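Written out below as structure tokens is the structure these notes cover.
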Amino acid sequence: VIFGQTAGGRGGALRLLPATGQTRIRGVAGERTVDRALVESLRVGDLVMHHEPALVVERPSSPAGTVDGLLPLHRFARVSFNARERCLLI
């Protein structure tokens, strides 16, 4: 999931490739339609993901050019949460 003003490859630090169609998502804020996309390339440490499927959730309140999102944690050998430092260790 990618949050921000990124649909259709506009702005942001990630290059998104179009994917066919849209889908519906549901969360605590309700239900909405989102675009499907492919993240062309994303490096996290030693792991490089290519053409990773993603859902683009627009957030008008996001500053232009910023990107935030959720990573597929199952791709990593170990994931730890450090609450005191407020960070995720991969």
Side-chain angles (χ1 to χ4, degrees):
V1 175
I2 299 173
F3 301 106
Q5 298 176 339
T6 57
R10 297 187 311 263
L14 294 176
R15 181 169 157 83
L16 299 180
L17 304 173
T20 304
Q22 296 181 317
T23 192
R24 302 275 304 160
I25 60 170
R26 184 179 313 169
V28 294
E31 188 173 323
R32 65 203 272 185
T33 301
V34 296
D35 292 325
R36 295 176 189 263
L38 295 173
V39 177
E40 185 176 54
S41 180
L42 176 64
R43 176 183 292 277
V44 180
D46 291 335
L47 177 66
V48 179
M49 295 176 266
H50 296 283
H51 298 108
E52 185 71 27
L55 299 177
V56 179
V57 178
E58 295 289 345
R59 290 195 310 194
S61 61
S62 297
T66 63
V67 178
D68 191 6
L70 303 173
L71 290 172
L73 298 181
H74 69 279
R75 296 282 183 103
F76 303 99
R78 182 176 57 201
V79 177
S80 301
F81 297 92
N82 184 332
R84 181 176 292 148
E85 298 292 326
R86 299 181 67 183
C87 67
L88 173 71
L89 304 170
I90 302 175

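What you are looking at is a predicted structure, and each value in this text was computed from that prediction instead of being measured. Residues: numbered from 1 along the sequence shown.
- Between Ile2 and Ala54, the shortest heavy-atom contact is CD1-CB, 3.8 Å.
- The environment of CZ in Arg24 is crowded: more than 12 heavy-atom neighbours from other residues, nucleotides or ligands sit within 6.0 Å.
- Leu47 is listed as a side-chain neighbour of Arg75, based on a closest heavy-atom distance under 4.5 Å.
- Between Val39 and Ser41, the closest side-chain pair of non-hydrogen atoms is not below 4.5 Å.
- Distance check, rounded to the nearest 0.5 Å: CZ of Arg43 to CE of Met49 gives 10.5 Å.
- In terms of hydrophobic clustering, with Ile, Leu, Val, Met, Phe, Trp and Tyr side chains grouped at heavy-atom distances under 4.5 Å, Leu71 and Leu16 are assigned to a common cluster.
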* What's the verdict on side-chain contact (heavy atoms from CB on, under 4.5 Å) for Val57 and Val34, showing C-alpha distance, side-chain angles and the deciding distance? -> CA-CA 6 Å; Val57 178; Val34 296; 3.9 Å; yes

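- Transitive grouping of hydrophobic side chains (ILVMFWY, heavy atoms separated by less than 4.5 Å) keeps Leu17 and Leu55 in distinct clusters.
- One distance of note links CD of Gln22 with CG of Asp35; it measures 5.0 Å at 0.5 Å rounding.
- Criterion: ILVMFWY side-chain heavy atoms under 4.5 Å apart, direct or through other members. Under it, Leu73 and Val44 are part of a common hydrophobic cluster.
- Hydrophobic cluster membership is shared by Leu70 and Ile25, with clusters built from Ile, Leu, Val, Met, Phe, Trp and Tyr side chains linked at under 4.5 angstrom.
- Side-chain atoms of Arg36 and Thr23, non-hydrogen and from C-beta on, do get closer than 4.5 Å to each other.
- There is no path of hydrophobic side-chain contacts, each under 4.5 Å, that joins Val48 to Phe76.
- Within the model, atoms CG of Leu38 and OG1 of Thr20 stand 9.0 Å from one another, a figure rounded to the nearest 0.5 Å.
- Residues Glu58 and Arg32 are not paired through a salt bridge, judged by the lack of any N-O separation under 4.0 Å between the basic side chain and the carboxylate.
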